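Data first, discussion second: the structure below is written as structure tokens.
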Amino acid sequence: MLVDMKQWKHTFKLDPDRELSDEHLERLCLSGTDGILVGGSSGVTFDNTVDLLARIRRYEVPCVLEISNQDAIVPGFDLFFVPIVLNAQDTQWIVGHHHQALREYGSLLDWSQVVAEGYIMMNGQSTAAQVTQANTHLDAKDVEAYARMADRLFHCPIVYIEYSGMFGDMGLVSRARGLLKDARLFYGGGIDGPDKAREAAGAADTIVVGNAVYDAFEQALATVKAVHSLK
Ligand SMILES: CC(C)=CCC/C(C)=C/CC/C(C)=C/CC/C(C)=C/CC/C(C)=C/CC/C(C)=C/CC/C(C)=C/COP(=O)(O)OP(=O)(O)O
Ligand SMILES: O=P(O)(O)OC[C@@H](O)CO
Ligand SMILES: [Mg+2]
């Protein structure tokens, strides 16, 4: 399937390491969301990723793997998003794992399916920030510098402001989006219903709804219409 993430306004991020009933999965896939991201920062394996992909493939919704570890790279997704954590203090999460993966897969890749994400971790309490040892003590100028770095210097198609687990500073997100020339600004973190979805969609190009799918399903589902009904 040809998938153009540049048109996306809304996505759900589903974690292969968490339980989701068939009924809930069907409602998410038929919700009108622009795409399903599959990813998580811990407990993601080849087997649980294959299982989730097979379940999502019953539906027509675009499906993207956000790679978080090399052992869980599963063929068959429409696109592969590759996070580069710009504020990681452990360089493994900037280029190290990527270098290892490219030693293995470099000659096999269809690069038209690979999309680099310049991540800016903002919530020091999140597993992803802790795993990557991200320096989350960032002021507005730091965030702006990382956003420009991802967009202008590294030409990442996505700049991802990641507050995973908490709702972030939408002023900061909006200013970062205003600086981007080519990249798309993805925002994720703490979107637990339509009100926050609308607010985040006013600041970012694409919003990502994760934990609410598992913690407040009906509210999570309602974020799709909230975003798509905005002009
Ligand atoms: C043959 C074939 C199938 C080829 C395609 C494969 C392909 C495209 C290969 C490309 C090669 C390549 C460069 C791969 C990357 C390898 C790799 C492991 C990179 C490291 C990625 C990285 C920086 C991970 C760190 C963690 C992170 C940023 C995860 C992203 C997702 C995220 C933040 C989830 C939130 O997690 P959650 O579970 O909700 O937990 P918290 O909220 O508590 O954080
Ligand atoms: O789980 P939440 O807080 O919705 O965050 C979504 C996503 O950005 C996580 O990578
Ligand atoms: Mg999460």
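Values below: every heavy atom of this structure, side chains too, minus hydrogens, waters and symmetry copies. Keep in mind the model is a prediction, meaning the values are calculated, not measured. Residues take their numbers from the sequence shown, with the count starting at 1. Each ligand, and each atom within it, is numbered from 1 in the order the structure gives.
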Atom indices of ligand 2 within 4.0 angstrom of [X] heavy atoms, with elements:
X	value
Gly190	2 (P), 3 (O), 4 (O)
Tyr160	7 (C), 8 (O), 10 (O)
Ser164	3 (O), 5 (O), 9 (C)

For ligand 2 and [X], I'd like to know whether there is a polar contact (N/O to N/O, distance under 3.5 Å).
X	result
Lys13	yes
Ala212	no
Val209	no
Gly210	yes

Please work out whether any backbone atom (N, CA, C, O) or any side-chain heavy atom from C-beta onward of [X] is under 4.0 Å from ligand 1, and answer side chain, backbone, both or neither.
X	value
Gln113	neither
Ile67	both
Leu109	side chain

Open item on the list: Regarding ligand 1, does Ser164 bring an N or O atom to under 3.5 Å of one of the ligand's N or O atoms?
Closed with: yes
- [ ] Measure from atom 11 (C) of ligand 1 to every heavy atom in Gly96, Ala101, Gly43 and give the option owning the shortest one.
- [x] Ala101
- [ ] Report the member of Met121, Lys196, Glu162, Met166 with the shortest heavy-atom distance to atom 9 (C) of ligand 2.
- [x] Glu162
Open item on the list: Using a 3.5 Å distance criterion without hydrogens, assess whether the side chain of Gln89 forms a donor-acceptor pair with backbone atoms of Gln133.
Closed with: yes
TODO: Give a yes/no on ligand 1: does Met121 have at least one heavy atom closer than 4.0 angstrom to it?
DONE: yes
- [ ] Consider ligand 1: state whether an atom of it lies below 4.0 angstrom from any non-hydrogen atom of Val82.
- [x] yes
Open item on the list: Going by side-chain hydrogen bond (donor to acceptor under 3.5 Å, both in side chains), name the residues that satisfy it together with Ser107, two or more places apart in sequence or in a different chain.
Closed with: none
Task: With Arg55 via salt bridge (charged side-chain N to carboxylate O under 4.0 Å, His left out) - residues at least two apart - done: Asp22
